[in-house]
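Remember, it's 1-based here, ligands and their atoms both numbered in the order they're listed.
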Amino acid sequence: MMTIKPDLILIRFGEFTIKGRNRKQFERRLVEQVRRVVSPFKTVKLIQTFGRLYIELNEESYEAIAKELKHVFGIVSFSPVLRAEMELESIRERALELMLSCVPSPRTFKVSVRRVVKSFPHESQAMNHLVGGHVLRAMPELKVDVRNPEVELRLELQPEGAFLFTDVVPAAGGFPYGTNGKAMLMLSGGIDSPVAGYLAMRKGLEIEAIHFHSYPFTSDQAKEKVITLARRLCEISGVPMKLHLVSFTEIQTSFTQCNQDHLIITLMRRSMMRIAQKLAEKSGALGIVTGDSLGQVASQTLSSMNVIGRTVDLPLLRPLIMSDKQEIINLAEEIGTFATSILPYEDCCTLFVPKSPSTNPNLNVVMKVESFIPRLDEMIAEAVATTEEIVLRPGEQHEAEQAGQDDWF
Ligand code: ATP
Ligand code: MG
């Protein structure tokens, strides 16, 4: 790792660079996002060239900006870069400076040269020796290893300048936020759905969240918990996010009265889906994202998912479907939702949980039970109509959340 202050950060874009037609739009969004995260750092300057983005650091701290860049969707990796004059002596000097700053001090290295400026007097191969030889003379312990070097010293001769770097820092990857359309995220207070939302956003989906509550059976704190989770997602994307709060009390109560305890969760999920689809239509969203993970609980067997999914036409997106719980927990910790998710407030699905929920519900039976529930369609329409909508904005605290926080900690 290099330890001197870099002059610039070189940012590498993701997979979307190959998508031709959309590339311009992706780049614009990405630059917008980078501009947003660097906006508190007053002296930085963005330099945009073909397929590349540099941040000129000036007075600002590399570490502070790097921390932010790691979370920008669409950035695959970035490198702290030293700038040299476009002439051999300056390049040699800076190359040595960079190698001497590497911690731990490398035993082996190689030089790679990219000479975009063809007018530069030395060819790539020659530059390789001219720079490498200079470093080797000053660092006698160091050896060249072209196959598996501990450090790769890269030199790029670009029209914008001569750039040197050794580190490539991985970032979030994916697509810039909102460049792949919009979907509704079914956001419970659990561990999984915020992670599913994160993964969906990382793939460039704009997200609106939907949460079902059974107030007064579920508490205000349960609602605040979901607001906190949604807010965290919105902090990550850096873009305002809508949260739809749906009252599920009446529907849920009607299910508890039909003496089909083992089917309650299936019935609830089906109605949630219907409501989510209606809200999606209103919002112009083209998919529904859930935190389902295959086999995790009764409602997430293939058989249950089949019966639940039959209620809607929109694509159901389940980013965690093949992930194990521990992998999901690790991601939840990484994105900062885990501590909130494990707060103990009741979710509407943990209320009245049956002793043995069906893992293999029968579609015909479920539809029959639904047909006996009075006013189900009306209740669904009512739930949609009375949905409360909150807009969360990055960097602001929700009033209710502030009020609720004292109770939490
Ligand atoms: P999570 O950790 O996301 O709550 P879970 O393992 O507890 O998931 P379930 O409770 O079976 O699983 O929920 C499966 C998915 O259904 C959730 O990931 C979420 O997308 C959706 N869901 C469940 N309850 C709600 C709710 N109250 N509001 C919105 N979506 C919900
Ligand atoms: Mg849950």
Exercise. Rounded to the nearest 0.5 Å, what's the gap from CD on E250 to CG on L376? Could you check?
Key: 10.0 Å

Quiz item: Has the side chain of S112 got a donor or acceptor atom that lies under 3.5 Å from a matching backbone atom of R154?
Solution: no

Practice problem: Taking only heavy atoms of M186 into account, list the atoms of ligand 1 that are under 4.0 Å away from them. | Solution: 19 (C), 20 (O), 21 (C), 29 (C), 30 (N)

Exercise. Give a yes or no on this: more than 12 heavy atoms of other residues, nucleotides or ligands lie within 6.0 Å of atom CD of E97.
Key: yes

Quiz item: Does any N or O atom in Q296 lie less than 3.5 angstrom from one in ligand 1, N or O only?
Solution: yes

Show the atom names and distances, to 0.1 Å, of all donor-acceptor pairs under 3.5 Å that link a side chain in residues 102-110 to residues at least two apart or in another chain.
{"residue": "R107", "atom": "NE", "partner": "E150", "partner atom": "OE2", "Å": "3.0"}
{"residue": "R107", "atom": "NH2", "partner": "E150", "partner atom": "OE2", "Å": "2.8"}
{"residue": "T108", "atom": "OG1", "partner": "E150", "partner atom": "N", "Å": "2.9"}
{"residue": "K110", "atom": "NZ", "partner": "V146", "partner atom": "O", "Å": "3.3"}

Quiz item: Polar-atom distance check: D192 versus ligand 1, any N or O pair below 3.5 Å?
Solution: yes

Practice problem: Using modelled atom types only, decide if a donor and an acceptor are shared between the side chain of K225 and the backbone of S341 within a distance under 3.5 Å. | Solution: yes

Self-check item: Residue pair L136 / L142, side-chain heavy-atom distance below 4.5 Å
Solution: yes

Self-check item: K282/E208 ion pair, N-O < 4.0 Å
Solution: no

Quiz item: Under 3.5 Å, is there a donor-acceptor pair between the side chain of E206 and the main chain of Y177?
Solution: no

Self-check item: Distance filter under 4.0 Å to I191 heavy atoms, resulting ligand 1 atoms
Solution: 2 (O)

Quiz item: Just which atoms of ligand 1 are under 4.0 Å from any heavy atom in I210?
Solution: 29 (C)

Quiz item: ring pair (Phe, Tyr, Trp, His ring centres under 6.0 Å) between F41 and Y62: does it pass, once the steps are laid out?
Solution: CA-CA 10 Å; F41 304 93; Y62 163 72; over 10 Å; no

Quiz item: Counting only heavy atoms, which portion of L185 has something under 4.0 Å from ligand 1: side chain, backbone, both, or neither?
Solution: neither

Exercise. Consider every N or O of V289 and every N or O of ligand 1, then say whether any pair is closer than 3.5 Å.
Key: no

Quiz item: Heavy atom under 4.0 Å from ligand 1: found in S193's side chain, backbone, both, or neither?
Solution: both

Quiz prompt | Donor-acceptor under 3.5 Å (T43 side chain, E59 main chain) | solution = yes

Quiz item: Does R269 come within less than 4.0 Å of ligand 1, judged by its heavy atoms?
Solution: yes

Quiz item: For ligand 1, which atoms have a heavy atom of T290 less than 4.0 angstrom away?
Solution: 20 (O)

Practice problem: Could you tell me whether G189 and ligand 1 have an N or O pair separated by under 3.5 Å? | Solution: no

Quiz prompt | Structural part of L187 in contact with ligand 1, heavy atom criterion under 4.0 angstrom | solution = backbone

Quiz item: Would you say V297 and ligand 1 have an N/O pair spaced under 3.5 Å apart?
Solution: no

Quiz item: Checking S188 side chain against G190 main chain: does a donor-acceptor pair fall under 3.5 Å?
Solution: yes

Quiz item: Which bit of H213 gets closer than 4.0 Å to ligand 1, counting heavy atoms only: side chain, backbone, both or neither?
Solution: neither

Quiz item: Counting each atom of ligand 1 from 1 as listed, which ones have a heavy atom of G190 under 4.0 Å away?
Solution: 1 (P), 2 (O), 4 (O)

Quiz item: Between M272 and ligand 1, does any nitrogen or oxygen pair lie at a separation below 3.5 Å?
Solution: no

Quiz item: Going by the order shown, which atoms of ligand 1 are within less than 4.0 Å of some heavy atom of S299?
Solution: 11 (O)

Self-check item: D292: numbered ligand 1 atoms lying under 4.0 Å from its heavy atoms
Solution: 14 (C), 15 (C), 18 (O)

Self-check item: Interfacing atoms of ligand 1 (cut-off 4.0 Å, heavy-atom, Q300)
Solution: 5 (P), 6 (O), 9 (P), 11 (O), 12 (O), 13 (O), 14 (C)

Quiz item: Is the closest basic N to carboxylate O distance between K223 and E388 below 4.0 Å?
Solution: yes

